[in-house]
Amino acid sequence: MNNAEWITHGKAALLGNNARAPLVLVKGFGSRLWDADGTRYLDLAGGIAVTLVGHCHPRIVKVLSDQAGTLMHVSNLWYTDKAIAFAEALTHRTGLSKVYLCHSGAEANEALIKLARRYHYENKAPARTEIIATHNSFHGRTLGALSVTGQPKYHQGMQPLLPNVTFVPYNDIDAMRAAVTPQTAAVIVEPIQAEGGIIVPPSSYLADIRRLCDETGALMLVDEVQTGFGRTGKFLACEWSNIQPDAVSFAKGIGAGFPLGAMVVREPFIGGLPPGTHSSTQGGNPLAAAVGLEVLKMIDDEKLVEHAQATGEYLHGRLRSLQGYHPNKISEVRGKGLLQGLALAEGYEAAQVLAQLREHHVLASLAGSKVVRFTPSLLIDRDELDEGLAVVEKVFGAL
Ligand SMILES: *Cc1c(COP(=O)(O)O)cnc(C)c1O
């Protein structure tokens, strides 16, 4: 079937909860994707910051197929070698102490919230149930993660949500300090608000939250689902602020396209979820863990963090010059590493730019309605990036 025929079937069979662009992708390699008509695309969306090492990287394919032929799942009734090896590597990489494995960002954030509440309960402070979150944040779609997501449009029709959540403006430490009470269990924050439009706070913001949490005994929960695993040019985006969170969530790039999520916890808080208090039947199964371990090895072998930083600076610079040519169309260039966005000026919609890019066989994504987001593979090379940027320049020229 061709694109159009597949789309007819897709509209009939898939629930309409996602607003999808009219493209049926059937194959990928590196930073290239092919649709059902055989058209080739340059992928600067990277599956929304997921395909960290591009599509179908031979190392990922090999690990997946080897592990699929060895052991895929046994449940958490037992240990598996792969989950242990991956958890060990992840604690070494983060400098944190212990790991909980799951499948997605929302699930990893559920684990953060439950860890914080249960930690205080275990420590005879059961009334510490409040969570402080930020306006315009995004932490996922399950009800707990949604409850700390500060975007009313996602709450509509889904209430009642989790009680005792207080939202404060992002990058406003005074507002956060004023919101913390003796009942506060935790603060949850993104180092960069990615879905919220790629809002990059100064590095002092996370450091100030760290100090506030130290003073008040609230846990500092950092959502690195989109920013972690090298995306911003550091392994953890909170390394830009030189701080350690009490617990951190990962997903997206951690499995490079295979569903995987994790919570990693700092030493004082590792007793927060004693046996029986939280689990996931398939979370951290050996297939997923083997992929996660290979991704970590590739980050080291291929120097992906350094590459993300250098390539990201290049991309940011090129986008800034584009803004220089089109100040009436582009209001701001925001981002760090290979998480970059073009904020559009009044009168322009990001969806319109994406459609134009697609016409020229380049794929990017939206961050909010006003930001065109670029989150390519951390392995993308300069030639591919230049090819994509030439198209972006052409599209803005004609807009
Ligand atoms: C994407 C995202 C999530 C949700 O991850 P899912 O895997 O879709 O559940 C949570 N937090 C942040 C910061 C994200 O970017």
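Read the numbers this way: they start at 1 and go in the same order the structure lists the ligands and their atoms. All values below were derived from every heavy atom in this structure, side-chain atoms included, with hydrogens, water molecules and symmetry-related copies excluded.
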>> Pair Leu344, Glu349 - check side chain to side chain contact (heavy atoms under 4.5 Å, CB included), show working.
In response: CA-CA 7 Å; Leu344 301 185; Glu349 288 300 322; 5.7 Å; no

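His55 contributes no side-chain N or O that, together with a main-chain N or O of Thr51, makes up a donor-acceptor pair within less than 3.5 Å.
Using a 4.0 Å cut-off between a side-chain N of Lys or Arg and a carboxylate O of Asp or Glu, Lys98 and Glu88 do not qualify as a salt bridge. A salt bridge links Asp386 with Arg318: the closest approach of a Lys/Arg side-chain nitrogen to an acidic carboxylate oxygen falls below 4.0 angstrom. Using a 4.0 Å cut-off between charged nitrogen and carboxylate oxygen, Asp66 and Lys62 count as a salt-bridge pair.
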Quick one: table the atom pairs, ligand 1 N or O against protein N or O, below 3.5 Å, distance rounded to 0.1 Å.
from     : atom 1 : to     : atom 2 : distance (Å)
ligand 1 : 7 (O)  : Gly105 : N      : 2.8
ligand 1 : 9 (O)  : Gly105 : N      : 3.4
ligand 1 : 9 (O)  : Ala106 : N      : 2.8
ligand 1 : 11 (N) : Phe138 : O      : 3.3
ligand 1 : 11 (N) : Asp223 : OD1    : 3.4
ligand 1 : 11 (N) : Asp223 : OD2    : 2.7
ligand 1 : 15 (O) : Gln226 : NE2    : 2.7
ligand 1 : 15 (O) : Lys252 : NZ     : 2.6

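Stacking of Arg358 on the aromatic ring of Tyr41 is not recorded, the 6.0 Å distance cut-off and the 45° axial limit not both being met.
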